[in-house]
Amino acid sequence: MRIIVCAHSNQNELLSMHPTPAERDTLFKGFARALFKRDMDALYEVVSPEFVWRYHDGISPEVVLTGREAILKHLEENKVSYSISRFHDIVYHHLHDVSFMTFRVSETVRLTGEHREQSGIERYTFEDGKIATKDVYRKPIESR
């Protein structure tokens, strides 16, 4: 058996490598506000410079967004595609080094008027006190 011992002068520094749940909640509020306003300067106050957003809606191929222009283009495309897009039942789940958000979303396709419901989960990682990655997985909710 091999034992690895790491000497560290301050245990609190080890624990602070990842944002606390309260700090994450503050990051997520700023993140949501920036996306709603399509404010890339505000967004990059809460995400890392190398932020990566992976998005799969259960219908289209996965999209990988890196950089301000790609994120803004994605937001604008969604604005054009959907006349309504509302999130419901949002719950955050914080673990030591990762957070998850579970949700339900209601959307209306602008071109056809089709209404669709999806459930989803988002996985977030953190780096240097900011959001480093966002992985979105959505699945259509079957009609009963």
Side-chain angles (χ1 to χ4, degrees), residues 4-143:
I4 299 173
V5 178
C6 296
H8 202 277
S9 62
N10 185 347
Q11 184 68 20
N12 288 334
E13 283 183 49
L14 282 175
L15 296 175
S16 70
M17 291 174 65
H18 301 287
T20 65
E23 291 168 334
R24 292 178 196 192
D25 289 340
T26 300
L27 287 172
F28 290 134
K29 285 178 187 170
F31 186 81
R33 189 175 302 116
L35 291 179
F36 181 76
K37 292 181 176 182
R38 293 168 178 70
D39 182 343
M40 294 299 104
D41 289 336
L43 181 69
Y44 275 84
E45 289 178 15
V46 297
V47 302
S48 68
E50 297 83 25
F51 174 69
V52 177
W53 178 351
R54 290 178 181 83
Y55 176 86
H56 188 274
D57 67 1
I59 297 170
S60 308
E62 179 185 48
V63 175
V64 179
L65 307 170
T66 57
R68 295 169 183 251
E69 294 80 19
I71 293 168
L72 190 56
K73 180 180 177 191
H74 175 73
L75 295 174
E76 293 301 325
E77 287 172 353
N78 279 347
K79 185 178 179 181
V80 169
S81 298
Y82 303 105
S83 58
I84 297 173
S85 184
R86 300 277 186 265
F87 285 78
H88 313 277
D89 306 326
I90 297 170
V91 179
Y92 286 96
H93 311 268
H94 302 301
L95 302 178
H96 172 68
D97 60 344
V98 65
S99 288
F100 296 92
M101 181 183 91
T102 54
F103 62 92
R104 186 173 55 83
V105 64
S106 304
E107 296 175 321
T108 302
V109 179
R110 188 177 303 278
L111 190 60
T112 64
E114 174 195 3
H115 179 77
R116 65 185 193 186
E117 296 281 331
Q118 294 184 315
S119 61
I121 185 166
E122 297 182 357
R123 177 184 180 272
Y124 294 89
T125 62
F126 304 90
E127 180 178 54
D128 296 328
K130 294 186 174 190
I131 300 169
T133 63
K134 172 182 176 166
D135 298 316
V136 180
Y137 306 96
R138 294 164 92 179
K139 178 180 177 180
I141 297 173
E142 301 283 329
S143 300

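Just so you know, these numbers use all the heavy atoms, side chains as well, and skip hydrogens, waters and symmetry mates.
Applying the side-chain contact (heavy atoms from CB on, under 4.5 Å) criterion to P140, with sequence neighbours excluded, gives I59, Q118. When the side-chain contact (heavy atoms from CB on, under 4.5 Å) test is applied to E127, the partners found at least two apart in sequence or on another chain are S48, E50, A132. Remark: K37 pairs with R33, D39 by the side-chain contact (heavy atoms from CB on, under 4.5 Å) rule, at least two apart or across chains. In this structure, the side-chain contact (heavy atoms from CB on, under 4.5 Å) partners of D25, at least two apart in sequence or on a different chain, are H94. Not counting sequence neighbours, H56 has no partner by the side-chain hydrogen bond (donor to acceptor under 3.5 Å, both in side chains) test. With sequence neighbours excluded, the residues forming a salt bridge (charged side-chain N to carboxylate O under 4.0 Å, His left out) with E107 are R116, R138, listed by chain and number. Scored by the salt bridge (charged side-chain N to carboxylate O under 4.0 Å, His left out) test, K130 finds no partners at all (sequence neighbours excluded). Residues passing the side-chain hydrogen bond (donor to acceptor under 3.5 Å, both in side chains) test with T125 are T133, sequence neighbours excluded. Legend: residues meeting side-chain hydrogen bond (donor to acceptor under 3.5 Å, both in side chains) with T20, ordered by chain and number and at least two apart, are E23. Remark: T102 pairs with H93 by the side-chain hydrogen bond (donor to acceptor under 3.5 Å, both in side chains) rule, at least two apart or across chains.
Counting heavy atoms from C-beta on, the side chains of Y82 and V109 come closer than 4.5 Å. With a 4.5 Å cut-off on side-chain heavy atoms, V105 and S85 count as touching.
Between P49 and Y44, the shortest heavy-atom distance links the atoms O-CE2, 4.0 Å. The nearest pair of heavy atoms linking F100 to I121 is CD2-CD1, 3.8 Å. Residues R38 and L75 approach most closely at NH2-O, 3.8 Å, considering heavy atoms. A pairwise comparison of heavy atoms in L65 and A70 identifies CD2-O, 3.7 Å as the closest pair. Between R54 and V64, the closest heavy-atom pair is CG-CG2, 4.1 Å. Contact detail for S99 and R24: the closest heavy-atom pair is OG-NH1, 2.8 Å.
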V63 and W53: CA distance, side-chain angles, deciding distance, side chain to side chain contact (heavy atoms under 4.5 Å, CB included) verdict: CA-CA 8 Å; V63 175; W53 178 351; over 6 Å; no
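Around the CG atom of L111, the shell of radius 6.0 Å holds no more than 12 heavy atoms that belong to other residues, nucleotides or ligands.
The CZ atom of F31 sits 5.5 Å away from atom CG of L43, with the distance rounded to the nearest 0.5 Å. Expressed to the nearest 0.5 Å, how far CZ of F103 lies from OH of Y92 amounts to 10.0 Å. The CZ atom of F87 sits 6.0 Å away from atom CE of M101, with the distance rounded to the nearest 0.5 Å. Summarising the geometry, atom CG belonging to D135 is positioned 13.5 Å from atom OH belonging to Y55; distances are rounded to the nearest 0.5 Å. Interatomic distance, CG of L27 versus CZ of F126, reported as 6.5 Å (0.5 Å rounding). Considering NZ of K29 and OG1 of T26, their distance stands at 6.0 Å, rounded to 0.5 Å.
The list of salt bridge (charged side-chain N to carboxylate O under 4.0 Å, His left out) pairs with a residue in residues 79-90, not counting sequence neighbours, reads D89-R104. Among residue pairs with one or both ends in residues 58-70, those qualifying as salt bridge (charged side-chain N to carboxylate O under 4.0 Å, His left out) are D41-R68; sequence neighbours excluded.
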